[in-house]
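What follows is a single structure, written as structure tokens, with notes after it.
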Amino acid sequence: MIFPDRTITSRTMIIDGDAAALVYTYRGTSAGILPDLLPARGEEFLLEVCGVLRFRDGKLASQVDYC
């Protein structure tokens, strides 16, 4: 596994009709190789993320995350 100790912490969620915005933090330690982005060095990382979600028929239809 690339990030064996990963945690995702939700901070804010806004829902409007068939769309939602979610702000969360993604944190962990690099234990595997993610080419050209995060080499396996055992270093900790923290990403602040905003996800935009769309729903169709009560199911998740799409999600785009911005870091």
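Position 1 is the first residue of the sequence, and the numbers go up from there. Because the structure is a prediction, the values reported are computed rather than measured.
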Not counting sequence neighbours, which residues clear side chain to side chain donor-acceptor pair (under 3.5 Å) with R11? List them please.
E48

Return the CG to OG1 distance between L22 and T12, rounded to the nearest 0.5 Å.
8.5 Å

If I take atom OG1 from residue T7 and atom CZ from residue R27, how far apart are they, to the nearest 0.5 angstrom?
6.0 Å

Pairs touching residues 52-66 that satisfy side-chain hydrogen bond (donor to acceptor under 3.5 Å, both in side chains), sequence neighbours left out
Y24-D65, Q63-D65

Verify the cluster assignment for V52 and V23: are they in a single hydrophobic cluster under the rule of side-chain heavy atoms below 4.5 Å apart?
no

Could you check whether any side-chain heavy atom of Y26 comes within less than 4.5 Å of a side-chain heavy atom of R6, counting everything from C-beta outward?
yes

Residues L47 and C67: closest non-hydrogen pair is CD1-SG, 4.4 Å

Heavy-atom check, side chain of L53 versus side chain of L60, under 4.5 Å:
yes

